[in-house]
Amino acid sequence: MSENTALLDVTGLVAGYSVKSASWLGKRRSVHAVSGVDLTLGRGETLGIVGESGCGKSTLARTLVGLLKPLAGSIHFDGRDVGTLTAGELRPARRHIQMVFQDPFSSLNPRMRAGELISEGWEIHPGIVEQSEWPEEIARCLERVGLSPEHANRYPHQFSGGQRQRLCIARALALKPQVIVCDEAVSALDVSIQAQILNLLEDLQKESGISYIFISHDLGVVRHIADRVAVMYLGTVVETGDAGRIFSHPRHPYTRALLSAAPSMDDWMDAEDTEIILKGDVPSPLSPPSGCRFRTRCWKAQERCATEVPVLANRSGEDAVACHFPLD
């Protein structure tokens, strides 16, 4: 994908938190949960982001939507550097990137009715919908996600889990965004409800051309919905490219191990392939390994891996992989 078609362009992004040291002095240290991430998202495209728990997926999501301030790097949205926008410019720009969280109940105010949850964004960003048209637009938003206009007067606890997630999607769509970041948006739902939400997201994309960043630990779900995939490990992207290619021919050892451990991925494996069991635990982001961050668990690691950080780059015309010794 060329830069001319990129709606979202992330370069060298670093983000994280300040944590208290375990020592009695109680000094605070900075944890880089996201460390030098490069990503692009095209118009009408779905980018899946996968990786183990603690790899930085949710921190990346919160940084992209403005809930966390990046420590370094840049985020260009529709050709504009978000970091250079003034406070007056940033507020209207933020409505174009919305987020759907994992837990649909905790992300909804229990004291607000469904209609109020949808129209709240119009109060914060005036001009999207004229106030006189709010009732009709609320009904339209609910119908777009498969809910009844009569549900506008219900409170969140009066909806099922799947309906609450539909309401969260309706609330995001109400601001007419260009990008929706879905952070484990279906992981808390039953399998049958997951399928309904995934089909809904695809239908909405076909209807409006919206782009998605879909974050999930469920590789089967990502394989179903994503056009491209970015694989994260310990705050960095280790492989990115076409979803079909990555699922059928992973080139980074971590990607191959991740896929081999997924129970629904048997169809991509050859008869002689066996599950790859990674040794050891994921290192702490407070003290990541030198060189390649995956080298302490990688069966292909050599001396070079301990001293030289691999660059995420295209190799021999393939999609980008950050590995000194990629798989054939």
Side-chain angles (χ1 to χ4, degrees), residues 44 46 58 61-62 64-67 91-92 94-216 218 221-222 224-226:
T46 298
S58 292
R62 284 161 170 74
L64 294 178
V65 299
L67 296 178
R91 184 162 182 164
R94 277 182 173 171
R95 79 170 179 89
H96 291 293
I97 306 180
Q98 293 298 302
M99 187 165 177
V100 177
F101 295 89
Q102 176 178 359
D103 187 348
F105 191 74
S106 62
S107 60
L108 298 172
N109 188 332
R111 296 180 176 84
M112 296 178 69
R113 300 177 188 270
E116 295 171 328
L117 289 165
I118 292 174
S119 63
E120 183 182 26
W122 301 332
E123 296 178 1
I124 299 172
H125 301 279
I128 299 175
V129 179
E130 294 295 331
Q131 190 165 0
S132 61
E133 300 175 1
W134 284 9
E136 292 80 8
E137 190 62 26
I138 288 172
R140 191 176 297 113
C141 287
L142 290 171
E143 288 179 332
R144 287 184 73 190
V145 297
L147 296 175
S148 169
E150 298 176 357
H151 292 161
N153 292 319
R154 289 188 182 183
Y155 289 97
H157 73 273
Q158 295 176 298
F159 292 95
S160 67
Q163 288 176 324
R164 282 196 289 267
Q165 198 63 293
R166 289 173 182 267
L167 178 56
C168 290
I169 295 171
R171 181 178 60 173
L173 290 172
L175 292 177
K176 298 178 172 40
Q178 297 182 58
V179 177
I180 294 183
V181 179
C182 300
D183 186 12
E184 300 283 4
V186 298
S187 63
L189 305 175
D190 293 337
V191 174
S192 60
I193 306 301
Q194 286 185 13
Q196 294 176 18
I197 297 299
L198 292 175
N199 290 336
L200 169 63
L201 292 173
E202 290 180 327
D203 290 342
L204 292 171
Q205 188 175 60
K206 293 175 183 176
E207 172 190 321
S208 62
I210 198 167
S211 301
Y212 296 124
I213 292 179
F214 196 90
I215 296 172
S216 178
D218 190 326
V221 168
V222 173
H224 172 79
I225 197 171

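- Remark: side-chain polar atoms of Q158 are paired, donor with acceptor, to backbone N or O of Y155 under 3.5 angstrom.
- Heavy atoms of other residues, nucleotides or ligands lying less than 6.0 angstrom from CD of E207 number more than 12.
- Residues E123 and Q131 have side chains not in contact (no heavy-atom distance under 4.5 Å, counting atoms from C-beta outward).
- Residue pairs that meet the salt bridge (charged side-chain N to carboxylate O under 4.0 Å, His left out) test with at least one member in residues 180-197, sequence neighbours left out, are R62-D183.
- Taking 4.5 Å as the limit, some side-chain heavy atom of L167 sits within range of a side-chain heavy atom of I118.
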Inset, instruction - Report the C-alpha separation of C168 and L108 in whole Å, then their side-chain angles, then the decisive distance to 0.1 Å, and conclude whether the side chain to side chain contact (heavy atoms under 4.5 Å, CB included) test is met. - result: CA-CA 8 Å; C168 290; L108 298 172; 3.7 Å; yes

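- Between the side chains of S211 and Q178, no donor N or O sits under 3.5 Å from an acceptor N or O.
- The heavy-atom pair separating S119 from I138 by the smallest distance is CB-CD1, 4.2 Å.
- Taking the side chain as every heavy atom from C-beta outward, L201 and K206 never approach each other to under 4.5 Å.
- Relative orientation of the W122 and W134 rings is tilted, given thresholds of 30° and 60° on the angle between their planes.
- When the options V145, V221, L189 are evaluated for a side chain to side chain contact (heavy atoms under 4.5 Å, CB included) with I197, the one that passes is L189.
- Considering only heavy atoms from C-beta on, I210 stays 4.5 Å or farther from V179 through its side chain.
- You'll find the side chain of V181 stays beyond 4.5 Å of the side chain of V100, heavy atoms only.
- Sequence neighbours left out, the pairs with a member in residues 156-180 that pass salt bridge (charged side-chain N to carboxylate O under 4.0 Å, His left out) are E137-K176.
- Here the NE2-OG distance, from H224 to S216, works out to 12.0 Å after rounding to the nearest 0.5 Å.
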Inset, instruction - Before giving the answer on side chain to side chain contact (heavy atoms under 4.5 Å, CB included), spell out for L198 and F214 the whole-Å C-alpha distance, their side-chain angles and the decisive distance to 0.1 Å. - result: CA-CA 10 Å; L198 292 175; F214 196 90; 3.7 Å; yes

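- At least one donor-acceptor pair under 3.5 Å links the side chain of E116 to the backbone N or O of R113.
- With contacts defined as side-chain heavy-atom distances shorter than 4.5 Å, the pair L204/I169 qualifies.
- Taking CZ of R154 as the start and CG of L142 as the end, the distance is 10.5 Å to the nearest 0.5 Å.
- Smallest separation of non-hydrogen atoms from P156 and F105: C-CE1, 4.2 Å.
- In this structure, the side chains of I180 and P177 come closer than 4.5 Å at one or more pairs of heavy atoms.
- Taking CZ of F101 as the reference point, atom SG of C182 lies at 11.0 Å (rounded to 0.5 Å).
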Inset, instruction - Dump the intermediate steps for side chain to side chain contact (heavy atoms under 4.5 Å, CB included) on I213 and I215, then the final yes or no. - result: CA-CA 6 Å; I213 292 179; I215 296 172; 4.2 Å; yes

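- With Q196 contributing its side chain and I193 its backbone, the two residues share no donor-acceptor pair below 3.5 Å.
- Considering every non-hydrogen atom in both S187 and Q102, the closest pair reads OG-NE2, 3.1 Å.
- When all heavy atoms of G161 and P104 are compared, the pair lying nearest together is O-CG, 3.9 Å.
- Contact annotation: the side chain of S148 never approaches that of Q163 to less than 4.5 Å [non-hydrogen atoms, C-beta and beyond].
- The two residues R95 and Q98 have their closest heavy-atom pair at O-NE2, 3.2 Å.
- Using modelled atom types, one side-chain atom of Q165 and one backbone atom of A185 make a donor-acceptor pair closer than 3.5 Å.
- With rounding to the nearest 0.5 Å, the separation of NE2 in H96 from NE2 in H125 is 9.0 Å.
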